[in-house]
Amino acid sequence: PISITQLIKWGSIDELIAAYLWILLENNMSIWFCGETASGKTTLLRAACVFINPHYKIISIEDTPEIIVPHDNWIREITRESEEGAGIELFDLLKAALRQRPNYIIVGEIRGKEASVAFQAMQTGAPVLTTFHAGSVTKVIQRFTGHPISIPKTFMDNLDVVLIQMAVERKGKRIRRVLSVDEIEGYNREVDGIMSRKAFEWNPVDDTHLFRANRNSFILEERIAKNAGYTDKMKIYEEFDKRKRILERMVEENIFDYYEVVQIIWTYYKEGEKGLPISI
């Protein structure tokens, strides 16, 4: 698989978004990678999986086996077609996965009724990573809450983050970029709508990513720092800056091999900063 540092080198994301995903995945947040066909959604999802705790039990569910997870306790489940009506669909696998008490469920792609089971999984505390075809956070919400998926608006706050990635034309060259990362704050009864907050946004003028939620992130401050028991919620940004620096140093040292990146990130999980083979 392509590593997260390689994607940073290519400019698909930057080290700020990668550090943000690291903290979110370490703290069991649900992230949905959205965009058009061939925009790099699955590639980014696979690259980001290395940030999940190495001791976690992960179940991946797919029509076509594309997800690769480096964790020892990883179970891959694939759908099966059958002319006799005995086929196994994503919906069936997702329901069965919940009985196995995974720490994370990864769904290759959500298209229909399995979305309702994914939200049920998130309600029971099992975070979900998946890909979905949509071009903006507004369209994601519209498709989930509209027919035929019909997720109640009040359930949408079980989803933490929507990431939008697209293949775009820039200066005559086709490139893949994360266009935005939006945090889902929850349902607002007064306006009967879902409140979201822009965390990151791509600036096409100079091909950079802007951290809109710097020192103003709902997920980092209200979901993660509060649950982790931080007396000062702003301290979470110190950890964020440290993760950013580790990723920057890996890119500077040309560490792009997927499994070498896995080793460094997991070493940080087990031994902290002192165990790293690179200085930060």
Side-chain angles (χ1 to χ4, degrees), residues 1-22 24-25 29-52 58 60-70 76 90 104-111 118 128-140 143 159-183 198-212 244 247-248 250-251 254-262 265:
I2 294 170
S3 69
I4 198 76
T5 50
Q6 184 66 72
L7 292 176
I8 294 170
K9 180 73 172 177
W10 287 339
S12 297
I13 62 172
D14 67 358
E15 60 278 355
L16 290 167
I17 299 176
Y20 178 82
L21 293 176
W22 187 348
L24 263 61
L25 291 171
M29 298 289 113
S30 292
I31 306 170
W32 293 31
F33 298 81
C34 305
E36 61 189 17
T37 303
S39 60
K41 304 184 298 294
T42 303
T43 298
L44 179 55
L45 188 155
R46 289 193 304 190
C49 284
V50 303
F51 296 136
I52 299 173
I58 299 171
S60 64
I61 300 165
E62 303 169 89
D63 286 329
T64 305
E66 293 180 316
I67 302 297
I68 297 173
V69 179
R76 168 183 269 171
L90 280 175
Y104 252 105
I105 297 175
I106 303 174
V107 185
E109 183 184 337
I110 279 183
R111 293 183 295 271
V128 175
L129 303 180
T130 189
T131 64
F132 188 72
H133 285 275
S136 69
V137 66
T138 303
K139 287 187 172 65
V140 170
R143 288 192 61 191
L159 173 58
D160 299 300
V161 165
V162 173
L163 182 148
I164 305 293
Q165 176 151 329
M166 289 288 178
V168 296
E169 292 285 341
R170 187 174 187 274
K171 296 181 178 179
K173 187 178 178 183
R174 192 163 178 80
I175 56 175
R176 290 175 173 83
R177 292 291 184 268
V178 171
L179 298 191
S180 65
V181 180
D182 288 87
E183 302 177 339
K198 187 75 67 183
F200 294 90
E201 190 172 29
W202 180 58
N203 180 4
V205 176
D206 57 5
D207 192 19
T208 58
H209 290 92
L210 307 173
F211 188 11
R212 297 288 189 192
K244 176 178 76 76
L247 291 161
E248 280 177 340
M250 281 197 278
V251 173
N254 295 317
I255 299 172
F256 301 121
D257 178 77
Y258 178 83
Y259 293 101
E260 193 175 351
V261 171
V262 169
I265 289 169

Original post:
For the side chain of R176 and the backbone of L7, is there at least one donor-acceptor N/O pair under 3.5 Å apart?
Top reply: no
Original post:
Any idea which heavy atoms bring M166 and G135 closest together, and the distance?
Top reply: CE-CA, 3.2 Å
Subject >> Test item: M250 and I265 side chains (from C-beta on) under 4.5 Å apart, heavy atoms >> reply: yes
**OP:** Give me the ring orientation class for F200 and Y20: parallel if the planes are under 30° apart, tilted from 30 to 60°, perpendicular past 60°.
**Re:** perpendicular
Subject >> Step-by-step side chain to side chain contact (heavy atoms under 4.5 Å, CB included) determination, I175 to V168 >> reply: CA-CA 5 Å; I175 56 175; V168 296; 3.6 Å; yes
Subject >> Atom pair NZ/CD1 of K41 and I164 - distance to nearest 0.5 Å >> reply: 10.0 Å
Subject >> Contact check, side chains of V50 and V69, non-hydrogen atoms, under 4.5 Å >> reply: no
Original post:
Y104 versus S30: any side-chain heavy-atom pair under 4.5 Å?
Top reply: no
Original post:
Shortest non-hydrogen contact from S3 to A47?
Top reply: C-CB, 4.0 Å
**OP:** Please test V261 against I4 for side chain to side chain contact (heavy atoms under 4.5 Å, CB included), starting from the C-alpha separation and ending with a verdict.
**Re:** CA-CA 8 Å; V261 171; I4 198 76; 4.1 Å; yes
**OP:** Any chance you could measure I67, atom CD1, to I106, atom CD1, to the nearest 0.5 Å?
**Re:** 6.0 Å
**OP:** Report the distance from atom CD1 of I31 to atom CG of L24, rounding to the nearest 0.5 Å.
**Re:** 4.5 Å
Original post:
NZ of K9: more than 12 outside heavy atoms within 6.0 angstrom?
Top reply: no
Original post:
For E36 and H133, which heavy atoms make the closest approach, and how far apart are they?
Top reply: C-ND1, 3.9 Å
**OP:** Without swapping roles, check the side chain of Q165 against the backbone of S39 for a donor-acceptor pair under 3.5 Å.
**Re:** yes
Subject >> Nearest-0.5 Å distance that lies between atom CD1 in I13 and atom CZ in R177 >> reply: 11.0 Å
Original post:
Which pair of non-hydrogen atoms, one from P1 and one from Y258, has the smallest distance, and what is that distance?
Top reply: O-CB, 3.3 Å
Subject >> K171/D207 salt bridge by N-O under 4.0 Å criterion >> reply: no
Original post:
With no hydrogens and no angle check, is any side-chain donor or acceptor of R212 less than 3.5 Å from a backbone partner on S180?
Top reply: no
Original post:
Is there a donor-acceptor pair under 3.5 Å between the side chain of T131 and the backbone N or O of T42?
Top reply: no
Subject >> Whether H209 side chain and V178 backbone form a donor-acceptor pair below 3.5 Å >> reply: yes
**OP:** Could you tell me the separation between the CD atom of E109 and the CG atom of L45, rounded to the nearest 0.5 Å?
**Re:** 11.5 Å
Subject >> Minimum heavy-atom distance between L247 and A19, given as atom pair plus value >> reply: CD1-N, 3.5 Å
**OP:** Please check if the side chain of R170 supplies one atom and the backbone of V205 the other of a donor-acceptor pair under 3.5 Å.
**Re:** yes
Original post:
If only atom types and distance count, is the side chain of R46 paired as donor or acceptor with the main-chain N or O of I2 below 3.5 Å?
Top reply: no
**OP:** For I110 and W32, run side chain to side chain contact (heavy atoms under 4.5 Å, CB included): C-alpha distance rounded to whole Å, both residues' side-chain angles, the deciding distance at 0.1 Å, then the answer.
**Re:** CA-CA 10 Å; I110 279 183; W32 293 31; 3.7 Å; yes
Original post:
Under 4.5 Å between any side-chain heavy atoms of V251 and F256, yes or no?
Top reply: yes
Subject >> Shortest non-hydrogen contact from A134 toward V140 >> reply: CB-CG2, 3.5 Å
Original post:
At what distance, to the nearest 0.5 angstrom, does CG of D182 lie from OG1 of T138?
Top reply: 8.0 Å
